[in-house]
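Take a look at the structure set out below.
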Amino acid sequence: MNAAVSVRVSNELGACHPRTAKFSLVVAVITSFLIGLLLSVVLIIFRGKYPALFSNDSVVKKLVSDLTPMLALCIIINNVQPVLSGVAIGAGWQTAVAYVNIACYYLFGVPMGLIFGYKLDFGVLGIWSGMLLGTVLQTCVLTFMIYKTDWNKEALLADDRIKKWGGHDYSRINNIGKNGQET
């Protein structure tokens with residue numbers, strides 16, 4: 001879904017279809033969220049049964065069953081975050097996405113996981129919680145970036161990049177003016 005939405009957004013922006021790019025991101029985020037939610041519900045429903053697929057050890061089965069709610073939450077968040085990254089990459093913000101990823105995950109999430117897991121002695125759940133907090137923070141930052149985006153302006157920027165590299169001028173064809181508004 002990450003790659004698909006990235007390609008779709010970049011193609012729509014390059015063709016000066018900012019509303020279609022925005023619609024594509026909404027559809028991709030909602031679809032990914034619903035898939036994650038469905039998988040999470042299935043795991044929660046079968047949390048007492050599915051651990052037997054991986055181990056016969058009763059201690060391992062109990063631990064997997066106890067960690068299933070965290071896994072379910074993680075699946076939902078990790079279904080949405082990559083889609084938002086794909087949208088941002090499709091819009092040409094690769095550098096910003098890289099910095100957001102490094103800051104949120106490696107400078108915030110991993111240290112929080114180490115603190116929760118070892119310093120506060122929450123073990124596996126603490127490590128996982130900290131890392132998930134990094135992903136949640138990254139999701140929030142990307143959501144804010146995307147929410148504040150002027151998609152008409154992004155279409156013009158994409159059109160300028162295309163013209164620079166010898167492509168077609170789609171802004172005239174699709175009636176997008178210099179101010180980024182449809183005319």
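A quick note: this is a predicted structure, and the numbers were derived from the prediction, not measured.
Hydrophobic clustering (ILVMFWY, side-chain heavy atoms < 4.5 Å, transitive): V27 and I146 are in distinct clusters. Linking Ile, Leu, Val, Met, Phe, Trp and Tyr whenever their side-chain heavy atoms come within less than 4.5 Å puts L25 and L34 in one cluster. A single hydrophobic cluster is seen to contain both V124 and I77, as judged by linkage of ILVMFWY side chains at heavy-atom distances under 4.5 Å, directly or through other members. Taken together through direct or relayed side-chain contacts under 4.5 Å among Ile, Leu, Val, Met, Phe, Trp and Tyr, L133 and L84 form part of one hydrophobic cluster. Tracing side-chain contacts under 4.5 Å through hydrophobic residues (I, L, V, M, F, W, Y), one never reaches L107 starting from V141; they form parts of separate clusters.
Put simply, OG1 on T139 and CZ on F144 are 15.0 Å apart, with the number rounded to the nearest 0.5 Å. Rounded to the nearest 0.5 angstrom, N152 CG and L157 CG are separated by 11.0 Å. The OG1 atom of T20 lies 9.5 Å from the CG atom of L13; values are rounded to the nearest 0.5 Å. Note: S85 OG to L142 CG = 4.5 Å, rounded to the nearest 0.5 Å. Here OG of S65 is found 11.5 Å from CG of L71. Values are rounded to the nearest 0.5 Å. Rounded to the nearest 0.5 angstrom, K62 NZ and L67 CG are separated by 9.5 Å.
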Next item on the list: In sequence, state the C-alpha distance, the side-chain angles, and the governing distance for N101 and Q138, and then conclude on side-chain contact (heavy atoms from CB on, under 4.5 Å).
Entry: CA-CA 6 Å; N101 185 25; Q138 185 176 9; 3.5 Å; yes

Item checked: Trace of the side-chain contact (heavy atoms from CB on, under 4.5 Å) decision for V64 with F54 -> CA-CA 10 Å; V64 170; F54 305 103; 5.6 Å; no

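Shortest non-hydrogen contact noted between I76 and S40 is CG1-OG, 3.4 Å. Contact record, C104 with L137: SG-CG, 3.6 Å, taken as the closest heavy-atom pair. Heavy-atom minimum distance, A28 versus V5: CB-CG2, 3.6 Å. Of all the heavy atoms in P18 and W151, the pair that sits closest is CB-O, 3.3 Å.
Side chains of F23 and H17 form no contact here, defined as non-hydrogen atoms less than 4.5 Å apart. No side-chain heavy atom of D121 sits under 4.5 Å from any side-chain heavy atom of F116. Side-chain contact between R47 and P69: present, with at least one pair of heavy atoms (C-beta onward) separated by less than 4.5 Å. With contacts defined as side-chain heavy-atom distances shorter than 4.5 Å, the pair W93/M145 qualifies. No side-chain heavy atom of V60 sits less than 4.5 Å from a side-chain heavy atom of P51. Looking at F108 and I102, their side chains never come closer than 4.5 Å, going by heavy atoms from C-beta outward. Annotation: side chain of F33 is not in contact with side chain of N79 (no heavy-atom distance under 4.5 Å). Taking 4.5 Å as the limit, some side-chain heavy atom of Y50 sits within range of a side-chain heavy atom of T68.
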Donor-acceptor pairs are to be reported for all side-chain atoms of residues 125-132 against protein atoms at under 3.5 Å, with residues two or more places apart or in another chain.
residue, atom, partner, partner atom, Å
S129, OG, L125, O, 2.6

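At distances below 3.5 Å, not a single donor-acceptor pair connects side-chain atoms of S6 with backbone N or O atoms of N2. Looking only at distances, no side-chain donor or acceptor of D159 sits under 3.5 Å from a matching main-chain atom of A155. In terms of modelled atom types and a separation under 3.5 Å, the side chain of S10 and the main chain of V7 share a donor-acceptor contact.
K61 and D57 are not joined by a salt bridge, as no carboxylate oxygen comes within less than 4.0 angstrom of a charged side-chain nitrogen.
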